[in-house]
Novice: 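Take this structure, written in structure tokens, and hold onto it; I'll ask about it next.
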Amino acid sequence: MENARALEDRLKGIIREISGQTGREIKKDLLAGLARDVTTIVQNNTRQELTRTLNLLKETLKQM
């Protein structure tokens, strides 16, 4: 009976450790994905703003 409790405690420890490692890996993957998405959004927004600014400049030069 004592061996069974020791084995159970050991198994719980192993499961806790594996769960913790898996959780950290998932968090890393989520953060990496979020960083990629934010970078893409910022790049797209920057391109749109640059295009808008250049078009305004073009229209201003046409009017001169």
Novice: Say you draw a straight line from CZ of Arg24 to CD of Gln21; how long is it, rounded to the nearest 0.5 Å?
Specialist: 5.5 Å
Novice: Listing request: all salt bridge (charged side-chain N to carboxylate O under 4.0 Å, His left out) pairs with a residue in residues 31-46, at least two apart in sequence or in separate chains.
Specialist: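 Those involving residues 31-46 do not exist here.
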Novice: For Met64, what are the other residues in its hydrophobic cluster, where any two members join if their side-chain heavy atoms are less than 4.5 angstrom apart?
Specialist: Leu57, Leu61
Novice: With sequence neighbours left out, write down each residue that passes side chain to side chain contact (heavy atoms under 4.5 Å, CB included) with Leu7, or none if nothing qualifies.
Specialist: Leu11
Novice: Among all residues two or more places apart in sequence or in another chain, which pass the side chain to side chain contact (heavy atoms under 4.5 Å, CB included) test with Ile14?
Specialist: Arg10, Ile18
Novice: Going by salt bridge (Lys or Arg N to Asp or Glu O under 4.0 Å), name the residues that satisfy it together with Glu17, two or more places apart in sequence or in a different chain.
Specialist: none
Novice: Just to verify, what does Glu2 make a salt bridge (Lys or Arg N to Asp or Glu O under 4.0 Å) with, not counting sequence neighbours?
Specialist: none
Novice: May I ask you to decide if Thr51's main-chain N or O and Asn55's side chain share a donor-acceptor pair within less than 3.5 Å?
Specialist: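 The answer is yes, because a donor-acceptor pair under 3.5 Å joins these two groups.
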Novice: Please name all residues satisfying side chain to side chain contact (heavy atoms under 4.5 Å, CB included) with Asn44, sequence neighbours left out, ordered by chain then number.
Specialist: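 Only Thr40, Arg47 meet the side chain to side chain contact (heavy atoms under 4.5 Å, CB included) criterion with Asn44.
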Novice: Please enumerate all residues that pass side-chain hydrogen bond (donor to acceptor under 3.5 Å, both in side chains) together with Gln48, with sequence neighbours excluded.
Specialist: none
Novice: Apply the hydrophobic cluster definition, ILVMFWY joined by side-chain contacts under 4.5 Å directly or through others, and give me every member besides Leu56.
Specialist: none
Novice: State the OG1-CG distance between Thr39 and Leu34, to the nearest 0.5 angstrom.
Specialist: 9.0 Å
Novice: Among all residues two or more places apart in sequence or in another chain, which pass the salt bridge (Lys or Arg N to Asp or Glu O under 4.0 Å) test with Lys58?
Specialist: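 Counting only residues at least two positions away or on another chain, Lys58 forms no salt bridge (Lys or Arg N to Asp or Glu O under 4.0 Å).
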Novice: With rounding to the nearest 0.5 angstrom, report the CG to CD distance, Asn45 to Gln43.
Specialist: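 Output value for this atom pair is 11.0 Å.
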Novice: Just jot down the salt bridge (Lys or Arg N to Asp or Glu O under 4.0 Å) partners of Arg5, sequence neighbours excluded, or say none.
Specialist: none
Novice: Side chain to side chain contact (heavy atoms under 4.5 Å, CB included) with Glu8: which residues, sequence neighbours excluded?
Specialist: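 By the side chain to side chain contact (heavy atoms under 4.5 Å, CB included) rule, Glu8 matches Lys12.
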